[in-house]
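Here is the naming used below: chain letters follow the sequence lines, and residue numbers restart at 1 for every chain.
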Amino acid sequence: MKALVYVGLKPGVLDPQGRTIARSLNDLGFDEVTNALQGKVIELTLNGEDAEAAEARVTEMCEKLLANTVIENYRIEMQL
Amino acid sequence: MQTAVIRFPASNCDRDAAVALEKVTGRAPIMVWHRETELPDGIDFVVMPGGFSYGDYLRSGAIASRSPIVRDIKAKSEAGLPVAGFCNGFQVLTEAGMLPGALMRNKNLKFVCRPERLTVANANTRYTKHYAPKSEVTFPVAHHDGNYFADKDTLNRIEKEGRVTFRYVSNPNGSLNDIAGIVNKAGNVFGMMPHPERAIDDMHGGTDGLGLFKSIIESI
């Protein structure tokens with residue numbers, strides 16, 4: 001079983017990297033881009049069969065290590 | 001007086017911290033490896049040194065802050081043990097939840113490495129007693145992730161409680177309220193991005209950092 005964990009900055013937290021990416025896309029002629037947020041994806045490979053139990057454990061992993069909840073949000077996507 | 005410096009993989013200011021502590025206390029600190037589960041007996045003051053622990057993987061200080069020794073240090077700090085973190089050490093202390101807020105990528109995305117002027121925002125803490133109120137000091141900075149962030153409530157709280165100890169004169173990294181250093185509520189845990197341990201000898205170009213070490217050591 002796999003879990004994809006998306007970690008990104010919370011709304012309202014300045015994301016200078018995202019802003020730089022958006023500006024660079026604008027420079028390339030992609031004028032429709034008004035904002036970019038840069039985050040990261042962590043792909044976890046897990047033992048076990050129970051997706052619900054696994055997701056609860058991954059949530060705990062996010063709270064304990066994978067995200068810094070002072071500045072970051074996370075989203076979990078389970079893949080069976 | 002026995003001090004300790006914690007060593008993580010890719011700490012690189014551990015020796016600078018040791019030299020500073022020996023200079024002020026007259027006794028070499030015990031260097032403690034991060035895999036240890038307990039501090040040696042009789043430690044009076046702990047320094048988390050600067051560096052790039054674990055190559056800044058995941059987030060600066062994130063992995064180091066979950067190491068076994070930090071659990072013990074956190075528990076002892078809650079019982080009053082003084083702990084200071086400089087640069088990466090400050091990042092470790094915020095990641096460990098021992099100090100509020102977080103240190104993010106510098107606003108201009110640049111690594112800054114230069115002497116930085118700071119004002120002493122509160123000279124009435126265990127770490128700043130040796131400085132005159134509102135005096136100016138110069139410590140080197142050398143970081144990529146020094147942009148101090150905390151949510152509005154936290155920021156208001158630490159400001160109201162006088163827990164901002166140092167502010168940048170010309171903000172190099174985008175830190176909110178020009179914050180360079182803070183203490184916890186009890187005043188025993190301190191963190192700052194600049195390097196006082198690299199300003200303790202005339203050879204360094206200045207000795208402004210000595211006051212910080214003297215302040216905390218004399219308070220013990």
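Only the backbone of Asn106(B) comes within contact range of chain A, with at least one heavy atom under 4.5 Å from a heavy atom of that chain. Proximity to chain A (any heavy atom under 4.5 Å) is restricted, for Leu109(B), to the side chain, taken from C-beta onward. Only the side chain of Glu72(A) comes within less than 4.5 Å of a heavy atom of chain B; its backbone N, CA, C and O stay farther away.
With a 6.0 Å radius and a threshold of 12 heavy atoms from other residues, nucleotides or ligands, Arg66(B) has its CZ atom above the threshold. Annotation for Arg167(B): atom CZ counts as buried by contact number, over 12 foreign heavy atoms lying within 6.0 Å. With a 6.0 Å radius and a threshold of 12 heavy atoms from other residues, nucleotides or ligands, Tyr57(B) has its OH atom at or below the threshold.
For the pair Lys107(B) and Pro16(A), the tightest heavy-atom approach, listed with the atom from each and the gap, is O-CB, 3.3 Å. What you find for Phe149(B) and Val70(A) is that their closest heavy atoms are CE2-O, 4.0 Å. Contact record, Met104(B) with Leu14(A): CE-O, 3.3 Å, taken as the closest heavy-atom pair.
Comparing Leu65(A), Asp15(A), Leu9(A) by how many heavy-atom pairs each has under 4.5 Å with chain B, the most go to Leu65(A).
Among residues 31-46 of chain A, the residues having any heavy atom closer than 4.5 Å to a heavy atom of chain B are, in sequence order, Lys40(A), Ile42(A).
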